[in-house]
Number of protein chains: 2
Amino acid sequence: MSEVTDQPEKDGSERAIRADAQRNEDLLLAVAREVFATKGVDTPVREIAAKAGVGVGTLYRRFPRRSDLVTAVFRHEVDACAAAARTLAAEYPPTEALARWLRRYTEFLAAKKGLAAALHSGDPAYAALPDYFRANFEPALARLLQASAATGATRTDIAAYDLLRAIGNLSVSSGPDAADHTARMVELLIDGLRQR
Amino acid sequence: MSEVTDQPEKDGSERAIRADAQRNEDLLLAVAREVFATKGVDTPVREIAAKAGVGVGTLYRRFPRRSDLVTAVFRHEVDACAAAARTLAAEYPPTEALARWLRRYTEFLAAKKGLAAALHSGDPAYAALPDYFRANFEPALARLLQASAATGATRTDIAAYDLLRAIGNLSVSSGPDAADHTARMVELLIDGLRQR
DNA sequence: TCATATACGGAACGCTGTTCCGTTTATCAA
DNA sequence: TTGATAAACGGAACAGCGTTCCGTATATGA
């Protein structure tokens, strides 16, 4: 308690992160993303560690709680989807970029089915995710909407957040042809954005 | 496999259920309801069995899966709340009965916070509950609405299911004064039902 | 090349839900 | 009232989970 730690601690980074550690972290994230999408977010950590070829100790060194791994994967995918907005905006005309991103966003939601329950489950470990979600997606979509509206091709009176929520709600439909149904409804929504 | 069972099996009920077994079942349900409301639906079965003064074997004889106990409690409470509709209809004038039951229904929802996550969690064990919920509450509320509307005091253009859902949605608000807020919004809704 | 902080693997721990089985007891015919 | 018996009981034991611990291995910078 009264002892002083004997670490250098000159400035902040005492030593660079070891290369193998960084490699394992990346590997674990990749494996976890794959496994969460395939078998759901309830997949045991042991299985993920084994698939990555590391021990559970290694996994826990990087992700002290199981939820840390889940949130890390979630953030990664939010980042990827938000980044797609910029890519699409650069590669396609505004209205086409908007439509393509909304489809991309629908795919993102479909892959997050398992998480939905955890998210509003009251577990404080996931409390920060909705904010992260909105903080990244709202500006991304707002830019696409504005660029498209500026060409006169689409409406100007739709708020980015409302559209995000609407597609989110459409994505919760269940049943055998749920994916099809959602996709069709989203296309309808996209059509609805066009200016008459 | 090829052996024939040697039980009598004349008609269906070979022997009446033992009195102690029935007592334990009732006791377990009562304890589970109390514990689920207090500490949440994730409370370990061991704790419930201990609080009821029985072994886990006894609990599992009656409720082969944990989810069976949860659904049994849920059905019990749905039944109780639906029955309250009949009681209130008999004790109060129609519009008063309607208002009182909507408050009672709000309380029911408040106690079910923990379950919400489990319900739309995709777990097939709980798949039948939403149907049970609707099958009991919709007719109950429809009768109250109709009786009240018949006096001319309240609107006639509100569907029971819509009202159930609306209050359900109002009940998901969180925060420190969530219960207060929900109660106030429900009162607003009740006022809105009155005919001008 | 070597000392050492860092990272590693996997056994072990504690807590779940669930099963199993030897013991107890309510029930019913005599 | 009294046995015989099916039914029910209690709780130890099992399997699977998240998480911790620690002896061993290794990347790193002097």
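Numbers restart at 1 for each chain; the letters A, B, ... are given by sequence-line order, proteins then strands.
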**Complete:** Taking for Thr43(A) and for Ala19(A) the nucleotide of DNA chain D with the nearest heavy atom, the one nearer the 5' end belongs to Thr43(A)

**Message:** Would you say CD of Gln22(A) has more than 12 non-hydrogen atoms from neighbouring residues, nucleotides or ligands within 6.0 angstrom?
**Reply:** yes

**Asked** Atom CG of Asp42(B) to atom P of dC15(C): distance rounded to whole Å?
**Response** 17 Å

**Item:** Side-chain N or O of Thr58(B) closer than 4.0 Å to phosphate OP1/OP2 of dG10(D)
**Value:** yes

**Message:** Side chain of Asp20(A) only, heavy atoms from C-beta on: which candidate in dG17(C), dG10(C), dC8(C) is closest?
**Reply:** dC8(C)

**Prompt:** Once you round it to whole Å, what is the distance between P of dG9(C) and CZ of Arg46(A)?
**Reply:** 15 Å

**Asked** Of the candidate nucleotides dG18(D), dG29(D), dG9(C), which contains the atom at the shortest distance from the side chain of Ala16(A)?
**Response** dG29(D)

**Request:** Return the nearest nucleotide to the side chain of Arg18(B); candidates are dA12(D), dA26(C), dA11(C).
**Result:** dA26(C)

**Item:** Under-4.0 Å side-chain N/O to phosphate OP1/OP2 contact, Arg65(A) with dT20(D)
**Value:** yes

**Request:** Take atom CD of Glu47(B) and atom C1' of dT18(C), then tell me their distance rounded to the nearest Å.
**Result:** 18 Å

**Rounded distance (Å) that lies between atom P of dT6(C) and atom CZ of Arg23(A)** = 18 Å

**Complete:** Quick note, Val56(B) side chain, CB onward, closest among dA26(C), dG18(D), dT19(C) is dT19(C)

**Prompt:** Starting at CG of Leu28(B) and ending at C1' of dA8(D), how long is that distance when rounded to a whole Å?
**Reply:** 13 Å

**Prompt:** Starting at the 5' end of DNA chain C and moving along, which residue's nearest nucleotide shows up first, Tyr60(B) or Arg62(A)?
**Reply:** Arg62(A)

**Message:** In the structure I gave you, are the side-chain heavy atoms of Thr154(A) and Gln195(A) within less than 4.5 Å of one another anywhere?
**Reply:** no

**Asked** Taking CG from Leu27(A) and P from dA7(C), how many angstroms apart are they, rounded to a whole number?
**Response** 16 Å

**Message:** What is the distance, to the nearest angstrom, from the CD atom on Glu25(A) to the C1' atom on dT6(C)?
**Reply:** 15 Å

**Item:** Modelled atom types, side-chain donor and acceptor of Thr182(A) and Ser171(A), under 3.5 Å
**Value:** no

**Item:** DNA chain C: 5'-proximal contact among Gly53(A) and Pro64(B) (nearest heavy atom)
**Value:** Gly53(A)

**Request:** Just say parallel, tilted or perpendicular for the rings of Trp101(A) and Phe137(A), cut-offs at 30° and 60°.
**Result:** perpendicular

**Item:** Side-chain N,O (Asn24(B)) to OP1/OP2 (dA8(D)) below 4.0 Å
**Value:** no

**Complete:** Among the nucleotides dT18(C), dA8(D), dG18(D), whichever has the atom closest to the side chain of Ile17(B) is dA8(D)

**Asked** Quick one: is Arg61(B) getting a side-chain N or O under 4.0 Å of the dC20(C) phosphate, OP1 or OP2?
**Response** no

**Cationic tip of Lys112(A) above Phe108(A) ring, under 6.0 Å, 45° of axis** = yes

**Complete:** Ile48(A) atom CD1 is separated from dC17(D) atom P, nearest whole Å, by 11 Å

